[in-house]
Each structure stands twice: as structure tokens, then as C-alpha cells.
Protein chains: 2
Amino acid sequence: MTEEARSRIVDAADALFYARGFGQVGMDAVRDAAGVSLKAIYKQFPSKEDLIIAVLEKRHGMWTSGVEGRVNAIADPVERLIAVYDFLADWFCEADFRGCGFINAFGELGAASPRVAEAVRVHKAGFQAYVARLAEEAGAPASLAPQLAILAEGAQVTAAIAGTSEAAAQARAAAEYLIAGALAAARGLPA
Amino acid sequence: MTEEARSRIVDAADALFYARGFGQVGMDAVRDAAGVSLKAIYKQFPSKEDLIIAVLEKRHGMWTSGVEGRVNAIADPVERLIAVYDFLADWFCEADFRGCGFINAFGELGAASPRVAEAVRVHKAGFQAYVARLAEEAGAPASLAPQLAILAEGAQVTAAIAGTSEAAAQARAAAEYLIAGALAAARGLPA
DNA sequence: TCGTCTGGAGAACGTACGTTCTCTAGACGC
DNA sequence: GCGTCTAGAGAACGTACGTTCTCCAGACGA
């Protein structure tokens, strides 16, 4: 029961934080949205910062399973890399898309909360490591993965601010070209 | 005199907002840092939001002049495009670098303040238009510029969160490859 | 010199919000 | 049946902060 309450709190807080920003959402609003008492929230999360960390952890899990689910539906190693951008394209089209919650969190709280900053760093490092693994499985040199990750980050920022989803396709096109070039060079070099 | 006070206020506020985030800086802190009275601030800026907008406008000017200054030191059209990433590299190495102030502002206030969201949109649209102009002058097809802009945005985010400057060089390398490919295609197509 | 006006310093006000406390009602073991 | 414990609802508390007000000192024109 306490576990279900916890996830109800985290889900409600996540939706509110993502939609409005952390500073614009009070614990009262979380309480109302989650349908629990303030005491119940503070029992699970001693402070708002703890709740924010929990929200980021949940969001990390959702992001990871979302990307990996999309990638794992594909077998071809190169297509698997590119599937990341198709995942982004779908995400950007969602009505409530408002950018990467981690980038937003870092911008708002990165300087004030070392724990938030660290959670964001861990999340982004995890994504970079995942892309690096996909790139390696595709036979690309190590220099490719950071470039692909940068494209993905830039697409998220651009789509959020512009309010359009076209950045996903643009990033995808750039990624395709970079991948093709990296693979051609890799096939050429280890003669 | 009032003009000098205004810029003192904006400069002080910009430094504080950028370093800590908007919500973490009260008007009292701005007053102390600017060395003016609260009344003087509210005379120039009827509300905190107005001050934030003014800070973003100043920051837009500094960014624009910084990038264009770097680019204009170079003649070769392709090198001018690439100079954008060298500008980023220098910026990322600054001790107080904490990401793009506009991306941070959008993450924190984009949902709460339409004026802030619009200022960020205008800023990013201006950068995209500038890159598009540089790309056109280099003879590249229109599809290149958005890709280069996305790389620049992604580099800013990645460098800020990772706390390292390597993203600039990675984005630069990707940009060089994309530019070379786009120019080769452009030379090939219009036979 | 005197009235007026500006601007500074800082108190004050109202509100929002993170956090805690109070009170109550039900559940559960003896 | 009775003490104890938990949990809920919501009040309450303290603080932070955006904004305004008060008071006063100096400048400047008549």
C-alpha cells in the first residue's frame, strides 16, 4: 500500500513538475494531485528535494525503457542507432512535450542543488554510454557516439523551444550521414 | 545617469540569475549586487519579470556580438561556419560557465512566463537564422543549417551538464563532416 | 532661503510555500 | 472493551521574497 502511495505521489509530482517547473509547484499541489495527505508525502520524502530526486529517478527509468524499447524492436545495428531519433520524433509530437525534464531541472536547480545536478549528470552519462554501446555494436569508432548524443540533446532543446518536432528529423538526417561516414572510415582504416 | 544605473542593475542581475537560477535570486540580492536601492530597480523594471526580460535581451546582445565577432575575424566562408564551435569551446572553458542562459530560462520559466518563453524563442530563432546565413554564404543547401544549430545547442547542454568542454570539439568535428558533405553534394547536384 | 522634487535606505506588507503540529477516526493487539 | 498506533485533513508556523511605503537628506529653481 505504501508502495502504491509512493508511486502515486511520484507520478503526480512528475506531471506537475514537468509541466510547470519545480519552483512553480508547491507541495500542496502535489498533495491535491496525488490525493494523499501532506503527512503521507513527507513520510516517503523528507523534503521536496527528496521528492524531486525520486521524480528524476522515475523519469530516468521511463526514458531508458522508452528508448531501449524502441531500439530493441530493431535488429540491424545501424538502424538501431537511428531509432533513437525516431523515438525523439514521437516524443516531440506529444501534446505536453516541454523539453527534456533533466535539462530543465539542471537549468533551474543545477546550481542550487548538488543532488539534482548529480542526478542529471548520471542520467546524461547513462544515455551517452548507451549510445556508445549502440555505436560500438554498429562497428563505428568511439568518436561517433558523442556526436550522436550531442545531436539528440540539441534536438530536444530545439524542439522544446521552437515548439515544433522537426528537429528530430533534422538530427536524424545528420546522424545518418555521420554514421555512414564513420562506418565507411572504419571499414577503410582497419584494412 | 539613469542609463548607467539601468545597466548596472541588468549586469548584476544577469550575473546572479545565470549563476544561481532566477528563482534563487531575490530582488534584495540584485539590489545589493548592483549597489542601488530597491526603488531604483522598480523604477526601471516594474516587476521581476521585466528585469528578467531585460537580462535576456542584454544576454542576447552579448551572445550575438560574441559569436559574430569571432566569425567576422575570419574570411573563408566555411571557416566562418566552423568558428561558431570555436566560440563555444572558449565559452565552455570559462570558470563560471553554466550552460546557455536561455535554455536554463526556458526550463525554469518557459511554462510560467510566456514573455520569457517568447524571448528565448526569439533568441534561438535568431541564432538559427544567423547559421542559415553563414551556411548559405558557404554555398551549402538549406538543410545544413538546422543540423549545425542543433549541434551547437547539444554541445551547450552537454558541456554544461558534464562540466567539461569537450563537447565543443566533438560538435565541431561533426559539423566539419556535415559541412564537407553538404558542400560536396551541392557541387555535385547543380551540374 | 524656501518649497518641491528626486532618490536612497530600509522597514513593512502580503502572499506563497516548505514543513510541522493538532485533532480526530479507525485498526489492531491484549 | 481498551490502549496504542497509524493515517488523514487541514490548520498553523516560519521564512523567503516580490512589492510598496515611510522617512529623510540633498539638489535645484524661484
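In what follows, every heavy atom counts, from backbone to side chain, and hydrogens, waters and symmetry copies are set aside. Below, read A as the first sequence line, B as the second, and so on, with proteins coming before strands; counting in each chain starts at 1.
- Under the salt bridge (Lys or Arg N to Asp or Glu O under 4.0 Å) criterion, D28(B) pairs with no residue at all, not counting sequence neighbours.
- Panel note: side chain D11(B), backbone R8(B); no donor-acceptor pair is recorded below 3.5 Å.
- The stretch residues 107-115 of chain A has no heavy atom under 4.0 angstrom from DNA chain C at all.
- Between W91(B) and Y85(B), the ring center distance fails the sub-6.0 Å criterion.
- Salt-bridge check for E118(A) with R121(A): passed, with a basic side-chain N closer than 4.0 Å to an acidic carboxylate O.
- In this structure, the CD1 atom of I41(B) is 13 Å from the P atom of dT20(D), given to the nearest Å.
- Taking the centre and axis of the six-membered ring of F102(A), the NZ or CZ atom of R59(A) falls outside the cone set by 45° and 6.0 Å.
- Atom NZ of K39(A) and atom P of dA11(D) are 15 Å apart (whole Å).
- No close placement of the Y130(B) and W63(B) rings is indicated, their centers lying 6.0 Å or farther apart.
- Below 30°, between 30° and 60°, or above 60°: for H60(A) and H123(A) the angle between ring planes is above 60°, a perpendicular geometry.
- Remark: P of dG8(C) and CD1 of I9(B) are 9 Å apart, rounded to the nearest angstrom.
- As rounded to whole Å, 11 Å separates atom C1' of dA9(D) from atom CG of D32(A).
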Report each atom pair, protein N/O against N/O of nucleotides 17-19 of chain D, whose distance is under 3.5 angstrom.
unit_1  : atom_1 : unit_2 : atom_2 : d
dG18(D) : OP1    : K48(B) : NZ     : 2.5
dG18(D) : OP2    : M27(B) : N      : 2.6
dT19(D) : OP2    : Y42(B) : OH     : 3.0
dT19(D) : OP2    : K48(B) : N      : 2.9

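- Counting only heavy atoms from C-beta outward, the side chains of E49(B) and L109(B) never approach each other to under 4.5 Å.
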